[in-house]
Colleague: 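Could you have a look at this structure, given as structure tokens, before my questions?
Because only heavy atoms are used, hydrogens play no part in the values below, and waters and symmetry mates are left out as well, while side chains stay in.
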Amino acid sequence: MERLDREIAEVLGLTEKREKDSELFKVFSEVFDRTTVETISYFYRRGKIERLYGVLSTGKEANVFAGYDAKGNRIAVKIYRTYTTEFRRIWEYLAADPRVGYPPKDIRKLVFVWTRREFKNLQRAMKYAVRAPEPIAFRNNILIMEYIGDEMPAPRLKDVEKDLELKDFEELYDFAIGAIEKLWKRGDMVHGDLSEYNILIWNEPVIIDWSQATVKRNRMSLTLLYRDIRNIVNYFGKKGVSVEDPEEKFRELAGDELWERNLRSL
């Protein structure tokens, strides 16, 4: 472990003197276990992660860090906790996804599958022209993605809504509804947690947090589709945008799928 500890110190840009005073190290110490340390060292030796320098977000399941690769490109590094209180929710999402099969009961292995699935979801979203962070690499509980921003990370819609005008909200509403439609109609896919908290405002809006996204064949997909539509319509409606009726929009998109599932339930 001593060699791994030295590599991690280099990745964090820490000296022995600075280590105790570093906020970054404090956050890392909360999520690092042996698997995480070894995985970061794996990426470090391959030039995928050269340096981590800041915390972009923290959550119950994962933390996201800003960093650089060996070529000096900015990256975002999402590190899932291998021991999470969200085990039941993650297991239920994976159990319903036909791409996964029967998910493992071991929590660490479950998190590894969850990480791989988010990587695949990002690839699928981009394939069907929905703007998301480009996935770069994944291994175990770590996902490396495109960094959105410059010296400062791109803000979430929720964080800048006070600075926006009605026309801005109208454009963002069209973007969000358009993304829902593209995913469902072209990609046979649904994000499942779309809201003002996971739309980044950049040169063009970017949708983040794809861990719960799934395919249309998932038995939960219609529920998730309706949730996305309802969240977007309700949020932008409160901002003064002329929005569609969520029930009508849902029926328009679900269409044959909703009819076929109702027939199967008879």
Side-chain angles (χ1 to χ4, degrees), residues 48-49 52-59 61-69 72-80 114-138 142-165 167-215 224-225 227-229 231-236 239 241 243:
K48 296 294 186 181
I49 300 176
L52 296 174
Y53 65 87
V55 181
L56 296 176
S57 68
T58 59
E61 297 174 5
N63 289 344
V64 184
F65 302 90
Y68 293 99
D69 65 17
N73 300 311
R74 293 182 189 272
I75 54 173
V77 180
K78 189 169 189 176
I79 302 179
Y80 278 100
W114 189 250
T115 305
R116 181 183 66 206
R117 195 179 77 139
E118 182 166 13
F119 181 89
K120 299 296 184 181
N121 285 340
L122 287 165
Q123 286 184 321
R124 190 173 185 129
M126 296 192 69
K127 178 180 178 180
Y128 293 101
V130 174
R131 184 67 173 97
E134 180 180 355
I136 297 171
F138 76 94
I142 296 180
L143 171 62
I144 304 174
M145 302 172 285
E146 172 190 6
Y147 171 90
I148 309 298
D150 45 30
E151 287 77 13
M152 296 294 293
R156 302 176 303 173
L157 171 56
K158 181 63 178 177
D159 298 328
V160 297
E161 59 183 9
K162 293 180 180 179
D163 301 324
L164 302 180
E165 301 177 355
K167 65 177 183 179
D168 299 316
F169 286 114
E170 290 173 340
E171 292 175 357
L172 287 165
Y173 172 71
D174 290 341
F175 163 80
I177 286 293
I180 293 172
E181 291 183 356
K182 287 178 184 177
L183 287 172
W184 188 259
K185 291 182 177 180
R186 300 183 192 176
D188 290 335
M189 181 183 184
V190 58
H191 182 279
D193 192 29
L194 191 57
S195 74
E196 65 273 22
Y197 290 93
N198 47 39
I199 298 176
L200 299 183
I201 305 303
W202 192 230
N203 299 327
E204 59 178 316
V206 181
I207 297 174
I208 60 172
D209 292 340
W210 290 83
S211 60
Q212 71 293 313
T214 191
V215 292
L224 297 175
L225 174 65
R227 184 165 73 185
D228 279 357
I229 294 171
N231 286 347
I232 293 303
V233 167
N234 287 349
Y235 174 77
F236 286 99
K239 301 302 179 183
V241 177
V243 296

Colleague: So, do M189 and N121 sit near enough that their side-chain heavy atoms are less than 4.5 Å apart?
Modeller: yes

Colleague: When rounded to the nearest 0.5 angstrom, what distance separates CG in D163 from CD1 in I201?
Modeller: 11.0 Å

Colleague: Run through I199, I180, V130 and flag the one making a side-chain contact (heavy atoms from CB on, under 4.5 Å) with F175.
Modeller: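 Testing each of I199, I180, V130 against F175, the sole residue satisfying side-chain contact (heavy atoms from CB on, under 4.5 Å) is I199.
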
Colleague: Supply the atom-to-atom distance I207 CD1 to M126 CE, rounded to the nearest 0.5 angstrom.
Modeller: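 The CD1 atom of I207 sits 12.0 Å away from the CE atom of M126.
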
Colleague: Would you say L122 and L143 make side-chain contact, with heavy atoms under 4.5 Å?
Modeller: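 A side-chain contact exists here, since the closest heavy-atom pair is under 4.5 Å.
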
Colleague: The test is side chain to side chain contact (heavy atoms under 4.5 Å, CB included); show your working for F236 and I177 and say whether it passes.
Modeller: CA-CA 11 Å; F236 286 99; I177 286 293; over 6 Å; no

Colleague: I want to check something: taking the side chain as every heavy atom from C-beta on, are L164 and L157 in contact at a cut-off of under 4.5 Å?
Modeller: yes

Colleague: Strictly distance-based, threshold 3.5 Å: is any side-chain N or O of E118 a donor or acceptor partner for the main-chain N or O of W210?
Modeller: yes

Colleague: Apply side chain to side chain contact (heavy atoms under 4.5 Å, CB included) to V233 and Y173, showing your working.
Modeller: CA-CA 8 Å; V233 167; Y173 172 71; 4.1 Å; yes

Colleague: Does any part of the side chain of Y235, heavy atoms only, come nearer than 4.5 Å to the side chain of F169, both counted from C-beta?
Modeller: yes

Colleague: Test your reading of the model: is there a side-chain donor-acceptor pair from R117 to the backbone of S211, 3.5 Å cut-off?
Modeller: yes

Colleague: If you look at every heavy atom in D228 and G192, which pair is closest and at what distance?
Modeller: OD2-N, 2.8 Å

Colleague: Considering non-hydrogen atoms only, spot the tightest contact between P135 and Q123 and give its length.
Modeller: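 Heavy-atom minimum between the residues: CG-CG, 3.6 Å.
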
Colleague: F138 vs F119 aromatic rings, parallel, tilted or perpendicular, using cut-offs 30° and 60°?
Modeller: tilted

Colleague: So I142 and V77, do their side chains get closer than 4.5 Å, heavy atoms only?
Modeller: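 Of all side-chain heavy-atom pairs linking I142 with V77, at least one is under 4.5 Å.
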
Colleague: Please give me the minimum heavy-atom distance between P133 and I208, naming the atom from each residue.
Modeller: CG-CG2, 3.8 Å

Colleague: Any chance you could measure R124, atom CZ, to R186, atom CZ, to the nearest 0.5 Å?
Modeller: 14.0 Å

Colleague: Using 0.5 Å steps for rounding, measure from the CD1 atom of I79 to the CD1 atom of I144.
Modeller: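 The CD1 atom of I144 is 9.5 Å from CD1 of I79, to the nearest 0.5 Å.
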
Colleague: Looking only at non-hydrogen atoms, find the nearest pair between A76 and E146 and report the distance.
Modeller: CB-O, 3.9 Å

Colleague: Considering all heavy atoms of both residues, which atom of H191 and which atom of Q212 are nearest to each other, and what is their separation?
Modeller: O-NE2, 3.0 Å

Colleague: What distance do Y197 atom OH and K158 atom NZ have between them, rounded to the nearest 0.5 Å?
Modeller: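 Atom-to-atom, Y197:OH and K158:NZ are 4.5 Å apart.
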
Colleague: Identify which one of R131, E134, R74 satisfies the side-chain contact (heavy atoms from CB on, under 4.5 Å) criterion when paired with I148.
Modeller: R131

Colleague: Measuring from D159:CG to E196:CD, what's the distance to the nearest 0.5 Å?
Modeller: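 Those atoms lie 10.0 Å apart.
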
Colleague: Do the side chains of D150 and W202 get nearer than 4.5 Å, heavy atoms only?
Modeller: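 Result yes, sub-4.5 Å side-chain heavy-atom pair found.
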
Colleague: Would you say NZ of K120 has more than 12 non-hydrogen atoms from neighbouring residues, nucleotides or ligands within 6.0 angstrom?
Modeller: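 It does not: K120 NZ has 12 such atoms or fewer within range.
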
Colleague: If you look at every heavy atom in K78 and D209, which pair is closest and at what distance?
Modeller: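 Closest heavy-atom pair between K78 and D209: NZ-OD1, 3.9 Å.
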
Colleague: Flag the pair T58 / N63 as yes when at least one side-chain heavy-atom distance between them is below 4.5 Å, and no otherwise.
Modeller: yes

Colleague: Is the closest side-chain heavy-atom distance between I232 and V243 below 4.5 Å?
Modeller: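 Side-chain contact under 4.5 Å: no.
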
